[in-house]
Amino acid sequence: PAPLPSAMLTSRGPALCTALRLAAPGGLASFHSSAQRCRAARVAVVLSGCGVYDGTEIHEASAVLVHLSRGGAEVHMYAPDVPQMHVIDHCKGQPAEAESRNVLVESARIARGKIASLAKLTTADHDAVIFPGGFGAAKNLSTFAVDGKDCKVNREVERVLKDFHKAGKPIGLCCISPVLAAKVLSGAEVTVGHEEEEGGKWPYAGTAGAIKELGAKHCVKEAAFASAVFSLTPFYEAHVDTKNKVVTTPAFMCETALHHIFDGIGAMVKNVLKLTGK
């Protein structure tokens with residue numbers, strides 16, 4: 001139907017208000033509160049550069065953003081304004097000795113320029129935070145790639161994790177980034193998949209041992225569902241630590257098809273959004 005002329009809307013104003021009051025047990029106030037409850041979750045996404053071997057895993061970042069978009073979230077992206085540990089030539093898989101890059105500047109490639117320094121990220125402005133994986137989480141957001149269980153976490157990353165945890169707001173992590181929560185949040189439950197390589201299917205399985213040494217609990221994700229016809233394997237799954245509101249999924253810790261990685265990240269994002277209560 002054609003929209004009503006503005007004059008008709010004005011003249012019908014009192015009648016419309018009466019109808020709304022009758023339709024809602026709590027009157028107009030209930031409609032207002034419903035609108036507030038439906039407000040989109042505000043989610044911060046923390047990047048660590050651009051490229052799997054020295055920054056953010058781009059497929060994982062993209063999957064996080066797609067699932068957040070599908071979930072109706074309002075997204076803001078951040079990265080620490082610090083130099084990368086090093087630069088990797090992704091064609092050769094070797095360090096580019098003569099190059100130096102900045103984590104925030106490189107992360108802006110993924111964010112299409114809409115990104116801010118991690119120092120500006122606050123819990124007051126967000127309902128949740130998500131850390132995609134990639135070696136940048138272990139090289140630029142922490143020193144895990146070099147120091148293992150004795151690693152240090154970037155000061156701003158540590159602050160963000162502690163602030164969100166203290167505020168009771170959910171934290172999502174995938175791939176290698178759960179080591180950040182394992183280091184900073186004592187007793188957190190996380191998953192990076194399996195604890196054995198299983199013929200190369202889980203090439204980074206040793207990370208699970210380091211997580212335990214950090215004082216966290218590692219949760220092996222088994223089949224979510226299995227039947228004679230098909231099975232859902234671990235990369236579909238996300239582990240939810242309800243006590244700490246930490247949600248993790250293995251992603252590229254497993255050698256598997258990209259769509260499985262996408263689905264697992266989707267499970268992580270879905271649970272993060274659920275924990276926001278939005």
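Since this is a predicted model, take the numbers as computed values, not measurements.
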Q: Indicate whether any N or O donor in one side chain lies under 3.5 Å from an N or O acceptor in the other, for N102 and D81.
A: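 Their side chains do contain a donor-acceptor pair, which is all the 3.5 Å distance test asks for.
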Q: Starting from the C-alpha separation in whole Å, work towards a yes-or-no answer on salt bridge (charged side-chain N to carboxylate O under 4.0 Å, His left out) for K152 and E158.
A: CA-CA 9 Å; K152 293 180 175 61; E158 182 175 2; over 6 Å; no
Q: Are Y204 and H194 an aromatic pair by the rule of ring centers under 6.0 Å?
A: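 Aromatic pair excluded; centres sit 6.0 Å or further apart.
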Q: Take D241 and V190, measure what side-chain contact (heavy atoms from CB on, under 4.5 Å) needs, and give me the verdict at the end.
A: CA-CA 7 Å; D241 177 351; V190 301; over 6 Å; no
Q: Taking atom types as modelled, find out whether K139 and H86 have a side-chain donor-acceptor pair closer than 3.5 angstrom.
A: yes
Q: Going by the side-chain contact (heavy atoms from CB on, under 4.5 Å) test, name the single residue among L180, V184, L121, N140 that passes it with V157.
A: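 Of L180, V184, L121, N140, side-chain contact (heavy atoms from CB on, under 4.5 Å) with V157 is met by L180 alone.
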Q: Between E74 and H76, does any side-chain donor sit less than 3.5 Å from a side-chain acceptor?
A: yes
Q: Given salt bridge (charged side-chain N to carboxylate O under 4.0 Å, His left out), test D147 with K183 step by step and report yes or no.
A: CA-CA 12 Å; D147 300 322; K183 176 68 176 181; over 6 Å; no
Q: Whether the T191 and T248 side chains hold a donor-acceptor pair (N or O, under 3.5 Å, no angle test) is what I'd like checked.
A: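 Per modelled atom types, T191 and T248 side chains form no pair under 3.5 Å.
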Q: Would you say CD of E198 has more than 12 non-hydrogen atoms from neighbouring residues, nucleotides or ligands within 6.0 angstrom?
A: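 Counting other residues, nucleotides and ligands, CD of E198 exceeds 12 neighbours.
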Q: Please identify which of these residues, K274, K245, R39, meets the salt bridge (charged side-chain N to carboxylate O under 4.0 Å, His left out) condition with D127.
A: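 By the salt bridge (charged side-chain N to carboxylate O under 4.0 Å, His left out) criterion, D127 pairs with just one of K274, K245, R39: R39.
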Q: I'd like to know whether the aromatic ring centres of H59 and F262 sit less than 6.0 Å apart in this structure.
A: no
Q: Determine whether H239 and N271 satisfy the following criterion, side-chain contact (heavy atoms from CB on, under 4.5 Å), listing intermediate values before the conclusion.
A: CA-CA 9 Å; H239 178 74; N271 279 286; over 6 Å; no
Q: Does R159 CZ have over 12 foreign heavy atoms under 6.0 Å away?
A: yes
